[in-house]
Amino acid sequence: MEIFIYSALFLFILGIFLCLGRLISGPTAPDRAVAIEIMGIILVGFCTVISILTGEEFYMSVAIAWALLSFIGSLALGKYLEGKNLDE
Amino acid sequence: MNEYIGIVLIAFGVIYDLLACLGLIRMPDIYTRLQTATKAVTVGTACILIGAAVYAGPGPLAAKALLCMVFVLLTNPTSAHVIARAAHSSGIRVERVTAEGLMGREIESELWDVTKKEDTVQKDLLMHIIANCSIVEINQHVNKEGLFELVSQKLGHIQNVSPDVIKNKLISREKESVTALKPDFAIPHIIIAGEDSFEIIAIRAKKGVFFSEDFPAVRSVFVMSGTQDQWSFYLRILALIVQLVRTEGFFDKWLKASDKEELRELLLNGIKGIRENKN
């Protein structure tokens, strides 16, 4: 059973590297924002899988926090890219 | 058993996530990247979280996983939307990358078909208008005022406008410039108020209508009256009529035709002939 979990972790890392590739190659700022957002969500999945691998629910809390923070980060990035202040 | 279901759900979610990342690399522009990546990642991660909840069984871990799933389902589409809007308002265009099969001839021929179809519809409308127009025969000498009187009575009845208005419009149009043309036909035309109405009256005057010194005996008159929005018909019909009266032997047939239906036949056949020549 554990082999499945480990291969899932491997595939997650592969996905994160693909996102990093897009993050580096761009070419525009919104492209990079999308890459960061996708990476955040994949890290949520990663944390979940680690949490069931170790049986620690602490990693689940990390996943929740990461999901919310990546959401807030995307909102802020979106506002910034639109060229507006955060209170507009 | 629960473990197996959980593993299957997690495997499904992981494959979804990986495909989303692949889409992020493969797609040509920001909008398609958003489209492939965020949707697939939302579903994939939600699947993983449900899988984790099923795998762990009832307990705090499952509760947190479901809570996290709700967050992901709510926040991820929102942030995708925000990024798409930001990309749009910062002026990033959609990349024009289409599959090879869609470029070149196929799309061109499709567009061509569409325009041709619309053209036929317009043509059928023209035919319909002419097939239903009223035809008037005048056998005695009249001047143009008499003609306008008669026409305005008829048009007023068909188009539900007061005949005096039509008559005044025809007369003032005639004052601007004479609507009679060589050889031997006249095309008085007016714009009336309202919308969605176009009428044409074909008149045969065997003894001629006096229009002006230059045109003492006009033997065929086509009166057109339409609303502003139907004005393209006027130009099309005008072009057809000019071609029609220039075809050889038209006036002979026009004068020889025995009754109104024969005149209408003559007009329709003439127009068909012109179109076939064009094609």
Side-chain angles (χ1 to χ4, degrees), chain A residues 1 4-5 7-12 14-19 21-23 25 27-31 33-42 44-49 51-52 55-61 63-68 70-84, chain B residues 3-4 6-8 10-11 13-15 17-26 29-31 33-34 37-38 40-42 44-49 51-53 55-56 59-65 67-69 71-72 74-76 78-90 92:
Chain A
M1 196 58 79
F4 284 107
I5 306 277
S7 51
L9 288 179
F10 171 73
L11 291 177
F12 273 130
L14 193 65
I16 287 172
F17 271 106
L18 290 176
C19 288
R22 178 52 67 198
L23 188 63
S25 66
T28 61
D31 281 314
V34 178
I36 289 174
E37 205 217 314
I38 302 301
M39 209 165 78
I41 298 299
I42 284 178
V44 169
F46 189 82
C47 287
T48 313
V49 173
S51 150
I52 62 171
E56 295 265 0
E57 53 175 283
F58 162 73
Y59 290 106
M60 245 10 267
S61 309
I64 293 177
W66 203 303
L68 290 178
S70 106
F71 171 59
I72 294 168
S74 298
L75 287 188
L77 264 177
K79 281 287 181 193
Y80 169 70
L81 291 173
E82 271 185 276
K84 287 178 180 170
Chain B
E3 289 189 0
Y4 289 104
I7 286 290
V8 168
I10 289 174
V14 169
I15 289 167
D17 277 8
L18 201 68
L19 288 176
C21 290
L22 212 62
L24 200 62
I25 292 291
R26 266 305 272 128
D29 67 355
I30 170 74
Y31 302 106
R33 274 174 208 147
L34 267 170
T38 53
V41 148
T42 309
T45 306
C47 256
I48 290 169
L49 289 161
Y55 186 95
L61 201 153
K64 279 184 181 175
L67 187 69
C68 190
M69 187 195 79
F71 282 145
V72 167
L74 282 180
T75 59
N76 216 26
T78 319
S79 49
H81 171 79
V82 167
I83 292 175
R85 216 174 66 140
H88 179 72
S89 60
S90 62
I92 295 171

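The sequence lines fix the lettering, A, B, ..., with proteins before strands; numbering per chain opens at 1.
There is no contact between B:Ala20 and chain A, counting heavy-atom distances below 4.5 Å. For B:Ala11, no part lies under 4.5 angstrom from a heavy atom of chain A. Both the backbone and the side chain of A:Ser61 come within contact range of chain B, each with at least one heavy atom under 4.5 Å from a heavy atom of that chain. Using a 4.5 Å cut-off between heavy atoms, A:Thr28 touches chain B through its side chain atoms alone. Looking at A:Leu77, neither its backbone nor its side chain comes within 4.5 Å of chain B, counting heavy atoms on both sides.
Across every non-hydrogen atom of A:Met60 and B:Leu61, the tightest pair is CG-O, 3.8 Å. Considering all non-hydrogen atoms of both residues, A:Glu82 and B:Ala86 come closest at CG-CA, 3.5 Å. The nearest pair of heavy atoms linking A:Pro27 to B:Arg33 is CD-NH1, 3.9 Å.
By the 6.0 Å contact criterion, OH on A:Tyr59 is open, its count of non-hydrogen atoms from other residues, nucleotides or ligands being 12 or less.
Between B:Cys68 and A:Val44 the shortest side-chain heavy-atom distance falls below 4.5 Å. Here the side chains of B:Val82 and A:Lys79 are not in contact, with every heavy-atom distance at 4.5 Å or above. Looking only at side-chain heavy atoms (C-beta outward), B:Arg85 and A:Leu81 stay at 4.5 Å or farther from each other. The shortest distance between side-chain heavy atoms of A:Leu18 and B:Leu24 does not fall below 4.5 Å. Side-chain contact between B:Asp29 and A:Asp31 is absent, with no heavy-atom pair separated by less than 4.5 Å. Looking at B:Thr38 and A:Ile38, their side chains come closer than 4.5 Å, going by heavy atoms from C-beta outward.
When each of B:Ile48, B:Val72, B:Leu22 is scored by its heavy-atom pairs under 4.5 Å with chain A, the top score falls to B:Ile48. Here B:Ile25 is the residue among B:Ile25, B:Val41, B:Ile10 with the most heavy-atom pairs under 4.5 Å with chain A. Interface remark: of the candidates A:Gly78, A:Ser7, A:Cys19, A:Pro30, A:Pro30 forms the most heavy-atom pairs closer than 4.5 Å to chain B. Of the listed residues (B:Asp17, B:Val14, B:Leu74, B:Thr75), the one with the most heavy-atom contacts under 4.5 Å to chain A is B:Thr75. For the set B:Leu19, B:Leu18, B:Leu67, B:Leu34, the count of heavy-atom pairs under 4.5 angstrom toward chain A peaks at B:Leu18.
Of the inter-residue distances, the one linking B:Glu3 atom CD with A:Ile52 atom CD1 reads 9.0 Å to the nearest 0.5 angstrom. In this structure, B:Ser79 OG and A:Ile72 CD1 are separated by 11.0 Å, a value rounded to the nearest 0.5 Å. Once rounded to the nearest 0.5 Å, the distance linking CG of A:Leu68 with CZ of B:Phe71 reads 4.5 Å. Separation of atoms CD1 (B:Ile83) and CD1 (A:Ile36) is listed at 8.5 Å; rounding is to 0.5 Å.
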